[in-house]
Novice: 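I have a structure here, written as structure tokens, and I will follow up with some questions on it.
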Amino acid sequence: MSQTLARPDGRDITIVGAGIIGLCSAIELLQKGFQVIIIDKAEPGQGASYGNAGVVSPWSMAPQSMPGLWRKVPGWLLDPLGPVVVSPRYLPRMAYWGTRFLLQGRRTQVEKNSQAMARLIGDCIPLYQQLLADTGAQDLLRDSYYVHAYRNEKEANLNRLDYQIRIKNGADIERYNRQQLRQLEPALSTDFAAAIVIKGQARLTNPGRLGQVLSDKVQLLGGKFIQREVGNIRPSVSGGWDCFYDGRAHQSSQLLVAAGAWSADLLRPLGIKVLMESERGYHISYPDVDMQLNNSIMDADMKFVASQMEGGLRIAGTAEFDDKNAPPNPQRVAGLATLANKMFPDLGQSNFQSWVGVRPSLPDSLPCLGKVQGMAGLHVAFGHSHYGMMMAPQSAKLIAKSITQEIDEELLNDFRLNRF
């Protein structure tokens with residue numbers, strides 16, 4: 001059974017994926033006069049977009065793979081509380097991706113990737129302000145510092161490459177000693193000896209509510225949602241593209257794949273291979289603790305972030321490489337709770353809730369954006385790794401301009417689908 005919604009002028013599009021990338025893209029395209037339908041099995045903005053740390057940082061332009069990282073990875077993998085874990089059953093699949101990831105840590109490649117990241121991330125705060133301006137939910141975005149806290153004061157070094165990249169791009173960064181850090185964040189453990197404080201940031205107080213607000217905006221602009229799981233996609237015999245769900249074909253002139261970690265599965269039957277891995281992230285939240293953080297704080301040693309949310313304190317982080325449909329790993333949840341207690345001793349035995357989601361990660365920390373070569377009307381916007389919340393507004397602007405042919409595709413070369 002086929003459901004045809006294609007317009008004669010071709011200005012209709014189906015977006016597969018109702019995460020932050022899909023929602024922002026829908027708003028951009030609706031404002032350009034497109035008919036937009038979003039299909040996702042989950043409620044809008046309640047997948048991976050829901051579970052992040054809420055950091056909105058125009059200076060998070062340092063890629064995940066950095067020089068010398070290869071020396072740290074073995075220790076992280078052997079540490080039960082370490083920031084990275086690879087399921088033994090997943091190791092064979094991870095080998096090639098992991099090699100390409102480490103090769104991206106060469107200094108010349110890091111500098112190249114960081115500039116591409118800066119293009120997507122630099123205007124994230126004003127772009128979110130624009131998105132929220134007419135929603136009545138401006139309180140979701142608040143000014144904040146991003147505090148990278150270190151136990152070893154020698155590690156809090158502004159000469160490190162990741163901080164030098166930020167400084168060269170104009171970031172206002174300051175090193176705090178133990179006393180200054182204590183004054184800034186009294187709840188933080190005194191084990192932390194120093195911090196690098198990145199200013200000119202913002203934070204979201206409820207990423208899940210942001211998804212609801214943006215989905216309401218999509219509908220106000222005329223967009224529609226279908227809550228179904230797309231089984232596959234393929235070119236329509238009458239032109240355009242078909243999305244299949246519940247035994248029916250949903251046809252549209254154009255199709256945008258923005259399904260996060262599930263995007264590669266949809267593209268594979270078309271003969272398109274993407275070097276992307278499913279990176280599972282966890283968070284735990286403490287709804288009842290009497291504690292307030294003034295800023296977003298990263299434990300720079302263990303690579304997780306604490307942030308104050310509307311629903312309480314959220315501790316988010318870790319990278320677990322495993323099948324994206326595997327059940328949550330209780331050891332990762334327990335480990336994150338242990339680390340949270342080391343970071344904030346006053347937590348004690350407070351009750352917490354846990355969550356797990358899946359990030360779509362490519363070796364260079366850059367997403368796939370743009371047209372799919374040789375497949376007219378097919379577009380992609382996925383693979384934003386740890387940076388989806390920050391990159392979403394600008395990614396949406398770029399993909400919308402690509403779809404409407406308002407941009408030279410060469411400008412999206414760093415984000416091409418087949419770069420690996």
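None of these values were measured; they are calculated from a predicted model. Numbering starts at 1 and runs along the sequence shown.
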Novice: Donor-acceptor pair, distance only, cut-off 3.5 Å: does the side chain of H283 make one with the backbone of G51?
Specialist: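 Yes: the side chain of H283 pairs with the backbone of G51.
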
Novice: Is it the case that the side chains of S365 and H386 hold a donor-acceptor pair, with the cut-off being a distance below 3.5 Å and no angle test?
Specialist: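 No - no donor-acceptor pair under 3.5 Å links their side chains.
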
Novice: Is there a donor-acceptor pair closer than 3.5 Å between any side-chain N or O of S263 and the backbone N or O of G260?
Specialist: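 Yes.
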
Novice: Can you list every pair that meets side chain to side chain donor-acceptor pair (under 3.5 Å) and has a residue in residues 101-115, with sequence neighbours left out?
Specialist: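 Found Q104-Q109, Q104-N113, R107-E111, Q109-N113, K112-D414.
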
Novice: Under a 3.5 Å threshold, yes or no: a donor from one side chain and an acceptor from the other, between S402 and E409?
Specialist: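 S402 vs E409: donor-acceptor pair found between side chains.
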
Novice: Show your reasoning for whether side-chain contact (heavy atoms from CB on, under 4.5 Å) applies to T404 and F34.
Specialist: CA-CA 10 Å; T404 56; F34 269 69; 3.6 Å; yes

Novice: Is the side chain of Q130 donor-acceptor paired with the backbone N or O of Y128 at a distance under 3.5 Å, no angle test?
Specialist: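 Pair absent, no side-chain N/O of Q130 close to backbone of Y128.
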
Novice: Can you tell me which residue pairs pass the side chain to side chain donor-acceptor pair (under 3.5 Å) test with a partner in residues 293-304, sequence neighbours excluded?
Specialist: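 Every side chain to side chain donor-acceptor pair (under 3.5 Å) pair that includes a residue of residues 293-304, provided the two are not neighbours, is R151-D299, R151-D301, E185-N295, S296-S307.
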
Novice: Could you check, using the six-membered ring where one of them is a Trp, whether H148 and Y163 have ring centers closer than 6.0 angstrom?
Specialist: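 Yes, the ring of H148 comes within the 6.0 Å limit of the ring of Y163, centre to centre.
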
Novice: Run the salt bridge (charged side-chain N to carboxylate O under 4.0 Å, His left out) check on E310 and R209 step by step: do they pass?
Specialist: CA-CA 10 Å; E310 289 178 348; R209 184 158 72 91; 2.5 Å; yes

Novice: What heavy-atom pair brings L411 and I407 nearest, and what distance separates the two atoms?
Specialist: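 Taking L411 first and I407 second, the nearest heavy atoms are CD1-CG1, 3.8 Å.
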
Novice: Which atom pair, heavy atoms only, marks the closest approach of L132 to V213?
Specialist: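 Distance-wise, the nearest heavy atoms are CD2-CG1, 4.0 Å.
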
Novice: Determine whether the aromatic ring centres of Y286 and F352 lie less than 6.0 Å apart.
Specialist: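 Close enough - the centres of the two rings lie under 6.0 Å apart.
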
Novice: At their closest point, which heavy atom of C24 faces which heavy atom of L131, and how far apart are they?
Specialist: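 Scanning both residues, the minimum pair turns out to be SG-CD1, 3.9 Å.
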
Novice: Side-chain donor-acceptor pair under 3.5 Å between S395 and H384, yes or no?
Specialist: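 Note: S395 and H384 side chains meet the donor-acceptor criterion.
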
Novice: Kindly confirm or rule out a cation-pi arrangement of K41 over W262, judged by NZ or CZ under 6.0 Å from the six-membered ring centre and within 45° of its axis?
Specialist: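 Yes, K41 sits over the ring of W262.
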
